[in-house]
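Chain naming here is simple, since letters A, B, ... match the order of the sequence lines and numbering starts at 1 in each.
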There are 2 protein chains.
Amino acid sequence: MLEFRLVQGSLLKKVMEAIKDLVTDANFECSSTGFSLQAMDSSHVALVALLLRSEGFEHYRCDRNLSMGMNLNNMSKMLKCAGNDDIITIKADDGGDIVTFMFESPSQDKISDFEMKLMDISSEQLGIPESEYQSIVRMPAAEFQRICKDLSSIGDTVIISVTKEGVKFSTRGDIGSANIVCRQNTSVDKPEEATVIEMKEPVSLTFALRYMNSFTKATPLSNSVSLSMSSDLPLVVEYKIADMGYLRFYLAPKIEDEEEQS
Amino acid sequence: MLEFRLVQGSLLKKVMEAIKDLVTDANFECSSTGFSLQAMDSSHVALVALLLRSEGFEHYRCDRNLSMGMNLNNMSKMLKCAGNDDIITIKADDGGDIVTFMFESPSQDKISDFEMKLMDISSEQLGIPESEYQSIVRMPAAEFQRICKDLSSIGDTVIISVTKEGVKFSTRGDIGSANIVCRQNTSVDKPEEATVIEMKEPVSLTFALRYMNSFTKATPLSNSVSLSMSSDLPLVVEYKIADMGYLRFYLAPKIEDEEEQS
DNA sequence: ACCAGAGCGA
DNA sequence: TCGCTCTGGT
C-alpha cells in the first residue's frame, strides 16, 4: 500500500508539464524515502531525473518499494483535471496495476478521483554518479529560458562558455550570429535573481537548443536554475523543487563541427 | 563607421513590428542628421517612410552616408531578442556588409550582440514633396485602430469623409453597412486624446481597409495619428515618434466604383 | 485591473 | 490550423 498526500498539488502538475514532452512512458520508483523517476527522452539523447523526498509530502506512506509504470501523457491529462490549488493524493495497492489520483479542492467542496492503468515498462535505473564539475552557473530560470528561446530564433545550437567574469551563450545561423553575456552578479536584492559562477576551470560546450527549450519548460518550478558543466560529462540543468527535491535534465554536448544532424 | 545608441530601445522594436508585415526588405539610409527608410510594400501599393533624427539618440555617430539593406523579418527577429527596457546600439563599418545590434539590459548584467549580413537592395529613394492637404484629421491612434478593425469586419474599403463638423468612416459589405462619425473635440483634458479637424476643403476618399489595418500596427508608437487627405494625392497616415521623427504610410485612394480588385 | 500577443493543445 | 489559456505590457 502506498499513499502520498501533496498539499501543493500544482507542483506535481508543473513537473508533468515539464517532462511530458520529453518522455512518454516512465517508471515512478516509490520507496520509503520518496518518489523518483529516471528516463531517457524518446530519442535517447537526454535524460530526465526527478526526485521528490517523502518529507515534502504532508502524508507519505510506502510499505514496500514499488515501481509504477505510467504513460506520462495520460498522467498529465489526469493531473490537468486538478485545480491549481487542489490537494493531490496518489494511491496504489502493492499488487495492483492501478494508480488512483485524488484531488480535493481547497474548500473541500469538490473531491475527484481518477484511476489509471499502470504499464510494464522496461527501464534500466541508471546510477548517476554525483560528479565534480568544472563550472557551475546558477542564474534566474526565467532569464535562462529567455536566452534559449531568443537564440533558437537565430540558430540550432548554443555554445555555452564560462569564464570567471560570466557566462556566454552564442549561436550562429543563416541570418546571422548572436552572443549573450551574463555577468556574475550576486549583489542583487533577491538571492533568487543572482547569477553566480562557480568556476574551477573554464569550459566551452555546445548543445542542441531544441533540448534546452524542452528543459526550460520546467521554469515554473523554480526561480533559479543551475547549469553544471565539464568538458567530458553531460550538462546538468537542475531546477530545485522547494523543500522536496529536484528536477534534473542531462544532455551530452555536441562534438564540434558536427552540427549537421538536424 | 556608424554607431547609434538608443536608450529607449523599445521604440525600435515597435517600429519594426509596425512595418515588417508591409515591407520585407528595405534600405536604411544613415546620414549625420539621422536615420531614415523609405520603401514600397510588397504589392507596390503603399509606401512606408520612417525618420529618426539624430537628436533622438543618446549617442549618434555617422562618419559618412551609408545605405544599409536589411531584411526586415530578420532584423525583427533580432530585435525581438532585446528586452523592452534594453538600450539598443546599432553599429556598422563603412565598407562592411555586416550590421551589429547590441542590447544592454538596464542592470548591465546582460549584454547581447547580434550580427546580421546586409543585403544589396535596389531602391529608388523617392523625393516625397511636402504638400498642402485639403483636410488633416488628428485623432487618438487607438480610436483610429479600433475603427479600422471594426469596419473591416463589415466591408473591404472605407470611405473617409471630412466636413467641418467631423470625420466619417463608412463601409458597406454583404452583411450590411456602417458609418462611424467622430466629431471635432478639442476640449478633452489630454490634448493627446483630442480629435482635431483642419479642413480647407471637404474631402471624401475611399481606401482599402486591408492597408489601413496594416498601418495601425504602428499604434503603440504614438497616442495620436494624423490623416492628411487631398482628392488628388495619396493619403498620409502619420504617427509621430516622440522627440525623434515619424513613421508615415502613404496610400493612394481607390477610384470609386472600382472596388472589385481584392 | 484590463487588453493584447504569444504559446500550447485540440 | 484554429481556439483557448496564460503571461506581459499599458
Give every pair of a protein N or O atom and an N or O atom of nucleotides 3-7 of chain D that lie under 3.5 Å apart, one pair per line with the distance.
none

field: A:Thr216 side-chain N/O to A:Gln145 backbone N/O, donor-acceptor pair under 3.5 Å
entry: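 Not at all, since once roles are kept as given, no pair shorter than 3.5 Å links the two residues.
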field: Donor-acceptor pair, side chain of A:Asp86 and main chain of A:Ile88, under 3.5 angstrom
entry: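 It does not hold such a pair.
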field: Check: A:Val225 and A:Phe215 side chains under 4.5 Å, non-hydrogen atoms
entry: no
statement: What one should report as the nearest heavy-atom pair of A:Thr171 and A:Thr157 is OG1-O, 2.6 Å
- prompt: Would you call the rings of B:Phe101 and B:Phe103 parallel, tilted or perpendicular, where under 30° means parallel and over 60° means perpendicular?
  reply: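 The arrangement is parallel - the two ring planes meet at less than 30°.
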- prompt: Relative to each other, are the rings of B:Phe57 and B:Phe4 parallel, tilted or perpendicular (30° and 60° limits)?
  reply: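 Judged by the thresholds at 30° and 60°, the geometry between B:Phe57 and B:Phe4 is tilted.
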- prompt: Among pairs that include at least one residue of residues 217-226 of chain B, which meet side chain to side chain donor-acceptor pair (under 3.5 Å), considering only residues two or more places apart or in two chains?
  reply: B:Asp21-B:Lys217
Between the protein and nucleotides 5-10 of chain C, are there any N/O to N/O pairs under 3.5 Å, and if so, what are the atom names and distances?
from  : atom 1 : to      : atom 2 : distance (Å)
C:dG9 : OP1    : A:Lys20 : NZ     : 2.9

